[in-house]
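Residues take their numbers from the sequence shown, with the count starting at 1.
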Amino acid sequence: MSNEATLHSQQEVMHGAHDHHDHDHHHEDSFISKYVFSMDHKMIAKQFLITGIVWAIIGAFFSVLFRLQLGFPDATFPWLESILGHWAKGGRITAEAYYALVTMHGTILVFFVLTAGLSGTFSNLLIPLQVGARDMASPFMNCLSYWFFFLASLVMMASLFVQTGPASGGWTMYPPLSALGDASIGSKIGVDLWLTSMALFVVSQLLGGLNYISTILNMRTQGMAMTKMPLTIWSFFFTAVLGVLSFPVLLSGFILLLMDRHAGTSFYLSDIFIAGKALANEGGSAILYQHLFWFLGHPEVYIIILPAMGMVSEVLAVSSRKPIFGYLAMIGSLFAICILAFLVWAHHMFVTGLNPFLGAFFVLLTLLIAVPSAIKVFNWLTTIWKGNINFSPAALFSIGFVSTFISGGLTGIWLGNSSIDIHLHDTMFVIAHFHIVMGVSAFFGMFAGIYHWFPKMYGRFMNNTIGYIHFWVTMVGAYLIFWPMHYEGMAGMPRRYYDVSQWASFKQFGGLNEFITIVVILVFAVQLLFVFNFFYSIFKGRKMTTENPWKATSLEWTTPIHAGHGNWPGEIPVVHRWAYDYSKDGRDFIPQTEPIGPNEVVH
């Protein structure tokens, strides 16, 4: 039997299993099984998204609070005491509360929103729909993945209410501050809860990642060759691979840290004197933790940004009515980014005493990652070039993504050079760089995805007018917030400091910090407007009247408007072509399910 015949035979068996699976789910679900412990990937996607939105509001609100301290260090706000209690006695945030807010803001936004909220939502929603599967390879593992994430959320949330407060040593949780319970008030039980929560979070990510990889490799419908998959699926695939390979290293780092805190080990503690008295710990090194953390920490940047890249590629092609430019180059650049992401972690450690000769290799590898990134930017721009662009909120956020990815990526070249990084390290320049390229860009990708696939999730549309206000205020606000920070960083202004106004050299930035804080408040307010639009539209938005409102080619738009568990009521569609046949042979679009014509040129 030929390889092709074998493949078709396997797919038929798989379809049979799918049909059986579909049949099994025609029974009436209870509220608990449908909305709480659901195994339907679409419902789990909604659970990830709504939990992520709740976390995003909390994490963003924390940034508003500590920006008040940075913008108005001498002012008092009596209402703060009613929210934070003794952490803001007299209306001014204490230094301990400030560091806790900064730590929790970073933790929540990086892990709970941009990792779980972004990848968890769209990988769950789109992988089965776009590859033509009834569900994930293991719906039960998928359900577990969300509930481990929810448990992690509960533990992290609980840390906000303990008497000594949450962890306050920064979202990287560097030892020795995090390893010594007496180092600060924020090094006590808050750190234990932080580490426990993150361990649960890693379990969630591994369960989800293994499921995504298995589904993509094994559950594709007939005809869906790897080279016919939409770029969203390729980006989710590489994201899952990155997570599965790097999160266990982070978990091991956390376990060793817990052992240093409670089991008397010395993995990260050595040669430390407290009040003139040496600790008993010998042989460890705090630098070891940094290696373990950043081995995940740098791939984490791409775990966050790769899904956004895939979704933006999809939205730009649909919105401009053009095939994606350089499909294979886009896949190749995703693969190159995936490999290089593991080889650049030490550029976060140029100031730790890293051997300069070794540092030179990490400079080279860091700068190399600019090549596949530039290929992707070039292909996005050429995709929309001379396109008939529908400037929907999703398209605007996608174009905004490309803009912020370029500007944030260019400043990364500065930090990738060890000689420049030594000056800029731990300054506001670093804050500006990674917030634009990793925070704003990823959020723009997520917003594009939400506006584009909201009808697929809820059968209704979000309000476009609010969407336009949301985009323009966020876009302009992001640059007004983070662009000035580059100049503050170049002047040497450090990050995470409670009150920089005590230094004469930084007094000149007092007015600028006030301005940034005011813009932060405005941008936060417009995010609340987006949240209102999201929840209002679920119940009151304009209803879909057609299965394919954007006239897209990919498979998710062939399912019913309110698809049940199993996605397609009958047979799963067969795929005949790639996902980007737009404006071809005089037609606006050709679905993937349409057979190739006799005289048609195949992509």
Side-chain angles (χ1 to χ4, degrees), residues 1-19 22 126-134 215-235 237 310 313-332 334 379-380 382-390 452 456 546-561 563 567-603:
M1 183 180 291
S2 68
N3 291 338
E4 186 178 2
T6 303
L7 178 62
H8 286 172
S9 175
Q10 290 172 342
Q11 287 167 338
E12 286 170 5
V13 171
M14 199 168 288
H15 289 170
H18 289 163
D19 293 341
D22 182 42
L126 294 177
I127 288 176
L129 288 177
Q130 288 194 335
V131 304
R134 297 288 187 196
T215 305
I216 293 169
L217 292 181
N218 298 308
M219 303 284 285
R220 302 189 310 279
T221 189
Q222 188 174 347
M224 180 63 85
M226 296 287 279
T227 51
K228 290 180 180 173
M229 294 193 308
L231 289 173
T232 40
I233 303 302
W234 276 107
S235 67
F237 176 73
S313 302
E314 184 76 9
V315 172
L316 287 178
V318 174
S319 302
S320 60
R321 315 309 295 164
K322 283 184 62 184
I324 196 78
F325 185 87
Y327 174 79
L328 292 179
M330 292 289 246
I331 297 172
L334 283 172
N379 287 6
W380 286 321
T382 44
T383 295
I384 61 175
W385 177 253
K386 293 187 177 180
N388 181 21
I389 303 174
N390 170 24
H452 186 74
K456 190 75 263 169
T546 172
E547 293 174 355
N548 189 2
W550 310 131
K551 298 185 178 0
T553 60
S554 44
L555 285 183
E556 74 270 31
W557 304 105
T558 63
T559 61
I561 293 174
N567 299 332
W568 288 270
E571 295 292 322
I572 300 177
V574 175
V575 165
H576 298 278
R577 59 182 70 233
W578 75 323
Y580 299 101
D581 271 340
Y582 293 103
S583 301
K584 181 180 180 183
D585 299 337
R587 297 175 61 185
D588 184 37
F589 73 106
I590 307 176
Q592 280 191 282
T593 52
E594 185 171 313
I596 303 290
N599 300 319
E600 187 176 346
V601 176
V602 181
H603 173 78

Requested in this report: Run the numbers on T232 and Q130 for side-chain hydrogen bond (donor to acceptor under 3.5 Å, both in side chains), then give the verdict.
Outcome: CA-CA 9 Å; T232 40; Q130 288 194 335; 2.4 Å; yes

**Report entry** Pair listing, salt bridge (Lys or Arg N to Asp or Glu O under 4.0 Å) test, anchored in residues 548-557, at least two apart
**Finding:** none

Report task. Ignoring hydrogens and angles, state whether a donor on the side chain of K456 or T559 is under 3.5 Å from an acceptor on the partner side chain. Result -> yes

Query - Smallest separation among heavy atoms of L231 and S313, with atom names - result: CD1-CB, 3.8 Å

Query raised in the report: Quick one: are I324 and W578 in side-chain contact, heavy atoms under 4.5 Å?
Result: yes

Query raised in the report: Cut-off 3.5 Å, side chains only: do T558 and E547 have a donor facing an acceptor?
Result: no

Report summary line: Rounded to the nearest 0.5 angstrom, the CH2-CD distance for W557 and Q592 is 13.5 Å

Query - Exam field: side chain S583 to backbone R321, donor-acceptor pair closer than 3.5 Å - result: yes

Report summary line: Here the gap from S319 atom OG to H452 atom NE2, rounded to the nearest 0.5 Å, amounts to 7.0 Å

Query - Side-chain heavy-atom pair I127, I216 within 4.5 angstrom cut-off - result: yes

Query raised in the report: Is a donor on one side and an acceptor on the other found under 3.5 Å between the side chain of W385 and the backbone of N379?
Result: no

Query raised in the report: Side chain of R220, backbone of A225: donor and acceptor closer than 3.5 Å?
Result: no

Report task. Can you see which heavy atom on A552 is nearest to which on V318, and at what distance? Result -> CB-CG2, 4.1 Å

Report task. Could you walk me through whether F589 and N548 pass the side chain to side chain contact (heavy atoms under 4.5 Å, CB included) test, one step at a time? Result -> CA-CA 11 Å; F589 73 106; N548 189 2; 3.7 Å; yes

Query raised in the report: How far does OG1 of T553 sit from CZ of R577, to the nearest 0.5 angstrom?
Result: 9.5 Å

Report task. Kindly give the heavy-atom pair with the smallest separation between P128 and N567, and that separation in Å. Result -> CB-ND2, 4.1 Å

Report summary line: What one should report as the nearest heavy-atom pair of E314 and P230 is OE1-CB, 3.8 Å

Query raised in the report: Is there a side-chain contact between Q222 and V575 (heavy atoms, below 4.5 Å)?
Result: no

Query - Reported CD-to-CG distance for the pair E594 and D581, which is rounded to 0.5 angstrom - result: 9.0 Å

Query raised in the report: Do R134 and W568 come close enough that some side-chain heavy atom pair is under 4.5 Å?
Result: yes

Query raised in the report: For the atom pair OG (S320) and CG (N388), what is the distance rounded to the nearest 0.5 Å?
Result: 9.0 Å

Query raised in the report: Are P323 and K584 close enough that some pair of their side-chain heavy atoms sits under 4.5 Å apart?
Result: no

Query raised in the report: With a 4.5 Å limit on heavy-atom distance, are the side chains of I389 and I384 in contact?
Result: yes

Query raised in the report: Which of parallel (below 30°), tilted (30 to 60°) and perpendicular (above 60°) describes Y580 and Y582?
Result: tilted

Report task. Mind listing the closest non-hydrogen atom pair of G310 and S235 along with its distance? Result -> CA-OG, 3.4 Å

Query raised in the report: Given side chains that start at C-beta, do those of L555 and M224 come closer than 4.5 Å, heavy atoms only?
Result: yes

Report task. Using a 4.5 Å cut-off on heavy atoms from C-beta on, say whether the side chain of F237 contacts that of M229. Result -> no

Query raised in the report: Which pair of non-hydrogen atoms, one from F325 and one from M330, has the smallest distance, and what is that distance?
Result: O-CG, 3.9 Å

